[in-house]
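Please read the structure below before turning to the comments.
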Amino acid sequence: MSKYNPSKIEKKWQKEWEKNKLYFTKDKVKGRKNFYHLVMFPYPSGDLHMGHWFNYAPADVYARFKRMRGFNVMSPIGFDAFGLPAENAAIKRNLDPKDWTYGNIEAMKKQMKSIGAVFDWSREIITAEPDYYRWTQWIFLKLFEAGLAKKEKVLANWCPHCKTILANEQVQNGECERCDTVVEQRLLDQWVLKITDYAQKLLDGMEKINWPETTKVLQKNWIGCSEGAIIKFQIPNSKLLISVFTTRPDTIFGATFMVLAPEHELVKKITKDQQLGQVNNYLEKTKKKTELERLSEVKEKTGVFTGAYAFNPANGEKIPIWISDFVLPHYGTGAIMAVPAHDQRDFDFAKKFNLPIKKIDLDSEILNQLSKKGLAERKITYRLHDWIISRQRYWGTPIPVIYCQKCGILPVLEKDLPVQLPKLEDFKPSGNGQSPLAKVKEWVDIRCWRCFSSARRETDTMDTFVDSAWYFLRYADPKNKKEFASKEKLKAWLPVNMYIGGQEHATKHLLYARFITKVLADSGYLDFNEPFSILRHQGLILGPNSQKMSKSRGNVVDPDEMVKKFGSDSIRMYFCFMGPYENGGPWNPKGINGVYRFLNRVWNLVNKKPGNDKSDKAFHKAIKKIGEDIENLRFNTAVSELMKLLNEIEDKQPAKKQIEVFLKLLAPFAPHLTEELWRKVLKNKKSIHLEKWPEYDQRLIEEEMIDLVVQVNGRTREIIKARRDLKENEVRELALKSEKIKRYVSGKEIRKFIYISNKIANIVI
RNA sequence: GCCGAGGUGGCGAAAUUGGCAACCGCACGUGAUUCAAAAUCACGCGUCCGUAAGGACUUGAGGGUUCGACCCCCUCUCUCGGCACCA
């Protein structure tokens, strides 16, 4: 008998499956429902790591299971190819980002194929391909038409290392998420997508999607809805009004001063001459602060008096107007009424600057009264920021806009898409707030399509997250030259039925994708408004020392090495078996031994001559359990059940029929091993991966004899083999006959007898 | 500070969701096989007492509800994630 040698069989079957287009997905198959199964596409960093494997391998078990259950499963894959990391890596190596990226894609494809997944490579997309990004640009134009893409002067996060503006989502604790450099605040003209216009829709849409609750909560908090009111305060002897946002209009009688954000537009208008010096001084100082500094000063309030006052509209009281950077420019109206008796921050500020603190009674009527006078209105605000998508970098989708001397900002015409990214000798970021594309005169200078005056192209590129905010639509129709995808194919596949990927995308990709989907739906291009019906996350794989895998820590486990040593099937199964999928955890170098041994035992069993044990009770139980477990992504207990089944049948010399069922149950987990045994040992003509998932018979799962647990006062004292479905008095008689039970019960009064059918009897004395 | 998820053997974990806590593995121990090792196979393996039969204890801590609680309720505690001067 030959030995199980994964490296001998895995490559062979991968080639064979590819040759016979086993995983080529048609848009329609008679008698099969379409099922769109999606994993998050990788960034072509050049190396497929265990994290990717952990996402793709168990997800592939699910896809294979769905196929066997009769679905026409599409499981596409591609590459999120634009963006900073590739560009930075290319700069470091003195390579063109394109060459670097495409080289990585080739290398990673090979690695990905070693997983043995059902990916349909014929639908592969690469976001850096003109055929792809033309539609990214087209979507931008749709947003532009709808007034949802705008060039605005915004206070934005500037990363001095990456030399570009970043979206709020890409800044963590005041640092650039890519390079951990402290970001600066800069006021610049940037392209923003008005995601805040969709804040409420994004909140409401969560009702109907099957996503992990925790992920929904993350998004909800990120969008951060608060209900309150806008109230107007008048400045004496002028027509100027200062609007404030408050969630507590009922505290207005306690408002003893107002505070404006330093960036507030009225600051310059209201400041009195005698205060001008101090105010300017303060504004200069805050401008220089980084986000991090501003955050670290939470406890210590700073501020300056403007010399101006405003009337409290509730009682006409004249209260001073201050400036402080604890008031944020982008939240509410950038101005507050301060109620030190009811708010800790206002209190701290009042204490520091000796401002009055007034205790008052709450007034729930005041909002209505002020509303009638036109001085207040109810208002909901959100913490969510608009999505700044301008990047002053080279390796991204060009923003399809031109600036005409006469006509101003104009979109590029659809027929002129794609605006191709030109090849550049020097693509390094300049750091002067301009994209390197600005230096390419022959690319930048064009004629206006409307008036033929000279015009300039927009030279910023788009945030990579725009590319990935719609890629799942393209898979339905990846080669379409006329549309981003045809109506028909969208209808055939979307929305995505099952989406599996990391939770770290909760407030980035997953939010953006929902936003873009809703915009396209509102413009009539989609007839659904949530992209991912079911979403599930895999956990994080750590190094053997329980720390995040990284080269600097020296704890990286190389998947290629593991494939060589144990084979893909073992890694797949180990990842399924190691624990709940959403947990992740450290890679246990010994742990994989367990599944490797298991696969060896399967190999040996099937290679033995089949016996004639046809008992199948254990099989029915296993078919049910494994099927239900995979459906719910409980891969660990599914594998456990397979192991139990093997333990049970291994010594019984099972018949060929039983062996076949066993292999089918194992097939989604170990596609190579099962294929080899199915075709070469059992001599089947067709692939096991075209087989149907076995059926089970519920009646055969229920044993006729049960283990009746007998407790006395809630403690188990005896287990009796008993016939199923006994009546209560029969059980009572049986229990009291037991010698052990007699010992506990004799001479005592039985106060209660509880019997739960086919499970447990409890005698209370 | 606010929001969320958790805490079960030496380790990963399981528990029909209120009904035998620790399935399935890893690691470990003993034995078989071997000249020897690896591999493989068999047995053992929550803690304490006991040669054993058996008994007592045990799901972060404390309380409650219940015939019965890892599961439900209350209080506390620790760990991990997210947000964070959001008016």
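Excluded from the calculations below are hydrogen atoms, water molecules and symmetry mates; all remaining heavy atoms, backbone and side chain alike, are included. Below, chain A is the first sequence line, B the second, and so on; all start at residue 1.
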So A:R751, base contact, sugar-phosphate only, or nothing? Heavy-atom distance under 4.0 Å. nothing
What is the distance, to the nearest angstrom, from the CH2 atom on A:W587 to the P atom on B:G12? 17 Å
Select from A:Y744 and A:G334 the residue whose nearest nucleotide in RNA chain B is closer to the 5' end of that strand. A:Y744
With rounding to the closest Å, how many angstrom separate the P atoms on B:C28 and B:C67? 48 Å
Using a cut-off of strictly less than 4.0 Å between a heavy atom of the residue and any atom of RNA chain B, enumerate the qualifying residues of residues 538-546 of chain A by number. none
Side-chain N or O of A:N762 versus OP1/OP2 of B:U66: is the shortest distance under 4.0 Å? no
Figure out the CZ/P separation between A:F577 and B:C26, and round it to whole Å. 8 Å
Should B:C80 form a Watson-Crick or G-U wobble pair with both distances under 3.5 Å, which nucleotide is its partner? B:G4
What is the distance, rounded to the nearest whole Å, between atom CG of A:L218 and atom P of B:A84? 12 Å
Rounded to whole Å, NZ of A:K590 lies from P of B:C24 at a distance of 22 Å
Check whether any side-chain nitrogen or oxygen of A:T214 sits under 4.0 Å from OP1 or OP2 of B:G82, and answer yes or no. no
Can you confirm if the aromatic rings of A:F465 and A:W387 lie within a centre distance of less than 6.0 Å? no
Measure the distance from CD1 on A:I756 to C1' on B:U66 and round it to the nearest whole Å. 12 Å
Does B:C41 have a Watson-Crick or wobble partner in any strand here, with both distances under 3.5 angstrom, and which is it? B:G31
For residues A:F353 and A:F257, establish whether the separation of their ring centroids is below 6.0 Å. no
Between A:F575 and A:Y581, does the ring centroid distance fall short of 6.0 Å? no
Please determine if a side-chain N or O atom of A:R715 lies less than 4.0 Å away from the OP1 or OP2 oxygen of B:G19. no
N-glycosidic conformation, B:G81 - syn within 90 degrees of 0, else anti: anti
Any luck finding a side-chain donor-acceptor pair between A:N729 and A:E733 under 3.5 Å? no
Separation between the C1' atoms of B:C73 and B:C20, rounded to whole Å: 26 Å
Distance under 6.0 Å and angle within 45° of the ring axis: does A:R514 meet both against A:W222? no
With both distances under 3.5 angstrom, what nucleotide forms a Watson-Crick or G-U wobble pair with B:C11? B:G25
P atom, B:G54 versus B:C45: distance in rounded Å? 13 Å
Within 45° of the ring axis of A:F326 and under 6.0 Å from its six-membered ring centre, is that where the NZ or CZ of A:K301 lies? yes
Picking from B:C24, B:G19, B:A87, the nucleotide nearest the side-chain atoms of A:I754 would be B:G19
Under 4.0 Å between any heavy atoms, over every strand shown, what does A:R743 touch: base, sugar-phosphate, or nothing? Just pick one. nothing
